[in-house]
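Only one structure is covered here, and it is reproduced in the block below.
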Amino acid sequence: MSSFSVRFFTPQALPSTTSSVRPRTWVLAAPTSAPAASVDVDAARLVPWVEERDGYFVLKEKFREGINPLEKVKIEKDPLKLFMEGGIDELANMSFEEIEKSKHTKDDIDVRLKWLGLFHRRKHQYGRFMMRLKLPNGVTTSAQTRYLASVIRKYGKEGCADVTTRQNWQIRGVVLPDVPEILKGLEEVGLTSLQSGMDNMRNPFITANSHGNPAFANLPRKWNACVVGSHDLYEHPHINDLAYMPATKDGRFGFNLLVGGFFSGKRCDEAIPLDAWIPADDVIPLCKAMLEAFRDIGYRGNRQKTRMMWLIDEIGLEVFRSEVAKRMPQKELERASPEDLVQKQWERRDYLGVHPQKQEGFSYVGIHIPVGRVQADDMDELARLGDKYGSGELRLTVEQNIIIPNVDNSKIEALLNEPLLKDQFLPEPSILMKGLVACTGNQFCGQAIIETKARALKVTEEVERLVSVTRPVRMHWTGWPNSCGQVQVADIGFMGCMARDENGKPCEGADVFLGGRIGSDSHLGQIYKKAVPCKDLVPIVADILVEQFGAVPREREEGED
């Protein structure tokens, strides 16, 4: 993940284009075919829907018919005002009884605070919040980790933290009166939660150095970006709204662009080539131009149709490309380069365990964090290990694990003998545990249909007692169809749903997905079996592993021995 730390300025007035309109048919299949390259679009459709007023971008009045309820909440009050104009201090001094009496303040805690990275757990932890941080590149320091540990420790059993599938920290149990002080503490250690949720760009810093950046706080929907740095494609570029893919052109280093990848409850799509190449110096201008195009003309009706790929569908890839190009400083984009630097046939490397760095005499050590869940004491201990054996830095991964870099080779043996790495966060876990990912689940998430983290561990442990696996298998769990656990990119995925047991009674279940792949030959998995009761998953998973992944039943293995 690339760190963008600049302020993006207000765009100039944009010229419209001429064409004719054509009705579109919305497709809800997943995955879908690539959008049409050319679509007839009325010039009026490309007129920006937003305008700047008093420093904030708001939806123009003539475009407010048919907008979704959350757009109306943003019109009533820009969410960033809670931060930029001190509204959070006022809210923090109100009781929840007072807050609940007014729709305005109720919308503040349930909707607008998400722009400050605060998600009210109304259903399962009423009065408490999950706080999402911005963590460019997934890099965190020991000081930051200790500070986050100090925050969650005071909340006892209600407090914990998660490493997420976006290389990020989320902390849980936060109460509203503490928020102003927490925000100050985050700033002191170089962190921010600002614009980390809802209709903002995730992770990279486009927050005007944590002061708030209204230019990109009113997107039609969330927006993810990544910069690919190796053949391994650890960043999962094909599920990002924008992915920079390394490529040279005429002796210049730069990036080809993929656009539109996303998961939602109604549709999942892989990113597609924009047929555009940019030199390395244009990474930030291109990001700015694409965000402006999405902000200005993105659809704001049904929330299920407001991700950027829906806009590409509607206006066609070439028109979308031209909208981005005219917002670039030079008003144009070069066509894609055939000189892609990512090797197409590349076996993805395992980062868990000990691996030599390019810096002679140093190694990095990848450690497994079971389904990404950590407690305050764990975080303090991780920070201690980072300081004692490395450079005080921890790196989070999209598989919810942690890497300790810059370990002097003379210290590796001592690090591996630390109790935390021998008993809890193993550098060399079992094959199935290595590839296990799970979202929050209904322990905390009000949208999740099933419990995921404990169940993912339990099912995996029971399956490992039935079969022996000799090759990596990635298993992902998500609690509901929005697929925060990214089941469609897993070898085997489990999407929470309600099922019926053998007596016809409702029970927690999962739709089972198979065949997702990551890397240059990526594709999304498909449903293998629907609505399987969770209690029946173990034998089904064991059979899948034997039939499709070369696993051997333990009984046969022991008999052969």
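- Of the charged side-chain nitrogens involved, none lies within less than 4.0 Å of a carboxylate oxygen, so that Arg307 and Asp269 do not count as a salt-bridged pair.
- With hydrogens and angles disregarded, a donor-acceptor distance shorter than 3.5 Å links the side chain of Arg474 to the backbone of Gly516.
- Remark: Lys434 engages Asp350, Glu428 in a salt bridge (charged side-chain N to carboxylate O under 4.0 Å, His left out) (not counting sequence neighbours).
- With respect to the salt-bridge test (charged N to carboxylate O, under 4.0 angstrom), the residues Asp275 and Arg335 qualify.
- Ring pair Trp346/His231 is tilted by interplanar angle, where 30° to 60° counts as tilted.
- Checking Gln447 against Asn482 by side-chain atom types alone, no donor-acceptor pair falls below 3.5 Å.
- Taking the side chain as every heavy atom from C-beta outward, Ile402 and Phe425 never approach each other to under 4.5 Å.
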Side chain to side chain donor-acceptor pair (under 3.5 Å) between Thr164 and Asp162, intermediate numbers included: CA-CA 6 Å; Thr164 77; Asp162 286 323; over 6 Å; no
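- Pairs engaging residues 461-497 under the ring-ring contact (aromatic ring centres under 6.0 Å, His included) rule: Trp477-Phe494 [sequence neighbours left out].
- Applying the salt bridge (charged side-chain N to carboxylate O under 4.0 Å, His left out) test between Lys535 and each of Glu462, Glu502, Glu508 identifies Glu502 as the sole match.
- Cation-pi geometry between Arg267 and Trp310 is satisfied (NZ or CZ under 6.0 Å from the ring centre, within 45° of the ring normal).
- Ion pairing between a basic and an acidic side chain is recognised when a charged N comes within 4.0 Å of a carboxylate O; Glu461 and Arg465 show no such pairing.
- Salt bridge status for Asp281 with Arg252: absent, with no side-chain N to carboxylate O gap under 4.0 Å.
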